[in-house]
Number of protein chains: 2
Amino acid sequence: MSDPDGERTSVTRRAVDRIKAMIADGRVGPGERLPTERDLSAQFGVSRSSMREAIRTLTTLGVLEARHGAGVYVTALRPADLLETFSVLAEVSQGRTLLEVLQVRRMLEPAATALAAARASAEDLDRVGALLDRMEGGPDTPCADTVTADLGFHQAIVASTGNATLAAIHDGLSSHTFNARVWAGHREAGLTAKLREDHERIHEALVARDPDAARAAATVHVLRVERWLSADLAGSGD
Amino acid sequence: MSDPDGERTSVTRRAVDRIKAMIADGRVGPGERLPTERDLSAQFGVSRSSMREAIRTLTTLGVLEARHGAGVYVTALRPADLLETFSVLAEVSQGRTLLEVLQVRRMLEPAATALAAARASAEDLDRVGALLDRMEGGPDTPCADTVTADLGFHQAIVASTGNATLAAIHDGLSSHTFNARVWAGHREAGLTAKLREDHERIHEALVARDPDAARAAATVHVLRVERWLSADLAGSGD
DNA sequence: CATGCGAAAGTGGTCTGACCACTACACGCT
DNA sequence: AGCGTGTAGTGGTCAGACCACTTTCGCATG
């Protein structure tokens, strides 16, 4: 698919590439069933073990799905399928990498929020509004639900751009654990009100269908989190 | 590690979880070597085949790295390691999803190019310049090397932002196959000169260390490709 | 004594063929 | 016609063998 390097390539690797090629060429489409492992291994001239490892690879990548006793199928190949493995990043990231992740979000979220302001349907806005209410529900003590609502708030916004790929990537860059840290940190500093303001400002821009305002509001918000993290990391020794 | 669901779980899955746990518990750290496949399979009470599939899974996820004849090692667990799987997206995407991918690139690349204009080192700029020359090497007949140089050109730019996470995500959104289609399409329409202009404009902005110009040049470029794809998809039936 | 080379041990990679667990489907029974 | 039930076929697991490669160590050589 990508590197036709002259090096000797492993049997399994070649099998993976051939299956990928079958999908890329349209010989098998999303949702369709592949030949059996035994057939494929015979067809490719490899052992069933190697064939299985190739299938295992593509299963892990979210391209194939093996159903015990029924066969191997190509997934819908939706971005969400292929980016599922992606979500570990935000979870395992620490320190500098976390800053890098936020920097990427600072590039994506303003643009995405602006797009959402232009494209969101009425139902989308209702959903976003409901999550905003849920976030503000409690008094001054952010609980687990606040964090979840926060996560959902941003995800709902990005989802309402209608770009599933964008949504999947954004979700991979967000994590519940990190959000919880942000809220905890802001509560200690008595700054949860600032976060609420940010969210309200974003929501208002969306409802007003004002992309520029939405972009600005999102930028302010991500920047606030980024600076907090910066300070937090510096404080506890980078 | 995550889901202790009551369902019967496959042998291989359990093996995957046990290795993950070994890493999470710190029993093996980044860069360290695991016991041999034979030892692990004996220790976990599974066959070597299943053990191999478990290792294959974690290798695919970028957590482990198998060196033929030498052993299995834990990777450095850097973002680039974990996001390698990401590249499948661009490889297997078609039609609408491809448009979505480009839309995400339109958000990332201008920002990344602007950042690169501010941050790139002299060596970074040399590397980018060399790739630009290589891209323009041939006369009017873009060959495989042109496509490769194109890919490298953009990757080098993003890499020179110093944000490895950003670079890894960007690389995942690019693909040799897609780039080849773009060049082929533009050659048919006699528009390869436009692509060259775009690249030169971007390079100039970087050398001039002008973030605004860089952002604009990158936007123009991605937009051109996006519009071409739009037309191409419409032409050959969505 | 230092050095280079080659044999050997140990590792991941591949193959074979068998059996198990599960699903789907068609057949026969009610 | 409806419903179990058996059976063929699928992916999942196992065992043991051999191949390809890397590393290491001892031996011969300078």
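What you see is a predicted model, and the numbers here were worked out from it, not measured in a lab. Chain identifiers are assigned alphabetically (A, B, ...) following the order of the sequence lines, protein sequences preceding nucleic acid strands; residue numbering begins at 1 within each chain.
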K.L.:
More 5' along DNA chain C: E53(A) or D39(B), using each one's nearest nucleotide?
P.N.:
D39(B)
K.L.:
Could you give the CZ-to-C1' distance, from R14(B) to dT13(D), as a whole number of Å?
P.N.:
11 Å
K.L.:
Would S175(A) and T177(A) count as a side chain to side chain donor-acceptor pair (under 3.5 Å) here? Give the steps.
P.N.:
CA-CA 5 Å; S175(A) 102; T177(A) 19; 3.1 Å; yes
K.L.:
Over all strands shown, is R52(B) touching base, sugar-phosphate only, or nothing at heavy-atom distances under 4.0 angstrom?
P.N.:
base
K.L.:
Among the candidates dT14(C), dT13(D), dG11(D), find the nucleotide nearest to the side-chain atoms of S10(A).
P.N.:
dT14(C)
K.L.:
To the nearest 0.5 Å, how far apart are CD in E32(B) and CE in M22(B)?
P.N.:
9.5 Å
K.L.:
Check every atom of dT13(D), dC15(C), dG11(D) against the side chain of V11(B) and return the nucleotide holding the closest atom.
P.N.:
dT13(D)
K.L.:
Might you work through the side chain to side chain donor-acceptor pair (under 3.5 Å) test for E109(A) and H170(A), ending with a clear yes or no?
P.N.:
CA-CA 8 Å; E109(A) 259 190 76; H170(A) 174 268; 3.1 Å; yes
K.L.:
Do the side chains of R127(A) and D124(A) get close enough for a salt bridge, i.e. N-O under 4.0 angstrom?
P.N.:
yes
K.L.:
Can you name the one residue among T57(A), T85(A), V63(A) that meets side-chain contact (heavy atoms from CB on, under 4.5 Å) with V88(B)?
P.N.:
V63(A)
K.L.:
Considering heavy-atom distances to DNA chain D, does R56(A) or G71(A) have its closest nucleotide positioned more toward the 5' end?
P.N.:
G71(A)
K.L.:
Listing time: all N or O pairs from protein to nucleotides 17-20 of chain C that are below 3.5 Å?
P.N.:
from, atom 1, to, atom 2, distance (Å)
dA18(C), N6, R48(A), NH1, 3.3

K.L.:
Can you tell me the distance, in whole Å, between the CE atom of M51(A) and the C1' atom of dT13(D)?
P.N.:
18 Å
K.L.:
Any side-chain heavy-atom pair from L229(A) and R181(A) closer than 4.5 angstrom?
P.N.:
yes
K.L.:
Whether T12(A) contacts dT14(C) is assessed here as follows: a side-chain N or O lying under 4.0 Å from the phosphate OP1 or OP2. Is that the case?
P.N.:
yes
K.L.:
Taking OP1 and OP2 of dC15(C), is either one under 4.0 Å from a side-chain nitrogen or oxygen of S50(A)?
P.N.:
yes
K.L.:
Whole angstrom is fine here: how far is it from CD in E37(B) over to P in dC18(D)?
P.N.:
19 Å
K.L.:
Could you tell me whether the side chain of H221(B) reaches within less than 4.5 Å of the side chain of L195(B), counting heavy atoms only?
P.N.:
yes
K.L.:
Expected output is a numbered-order residue list: members of residues 26-34 of chain B with a heavy atom under 4.0 Å from any atom of DNA chain D. What is it?
P.N.:
none
K.L.:
If you round to the nearest 0.5 Å, how far is CG of L131(A) from CG of D126(A)?
P.N.:
11.0 Å
K.L.:
Could you state the CZ-P distance from F44(A) to dT14(C), rounded to the nearest angstrom?
P.N.:
15 Å
K.L.:
State which of dT13(D), dG12(C), dT14(C) makes the closest approach to the side chain of A66(B).
P.N.:
dG12(C)
K.L.:
In whole angstrom, what separates L58(B)'s CG from dG12(C)'s P?
P.N.:
14 Å
K.L.:
Using the six-membered ring of F44(A), assess whether NZ or CZ of R14(A) lies under 6.0 Å from its centre and within 45 degrees of the ring axis.
P.N.:
no
K.L.:
Please pick, from dG12(C), dT16(C), dG11(D), the nucleotide with the shortest atom-to-atom distance to any side-chain atom of S47(A).
P.N.:
dT16(C)
K.L.:
Starting from P on dG13(C), measure out to CG on L64(B) and report it in whole angstrom.
P.N.:
11 Å
K.L.:
Counting only N and O atoms by type, is there a donor-acceptor contact under 3.5 Å from the side chain of N179(B) to the main-chain atoms of H176(B)?
P.N.:
no
K.L.:
Nearest to the side chain of A70(B) - dC15(C), dT13(D), dT22(D)?
P.N.:
dT22(D)
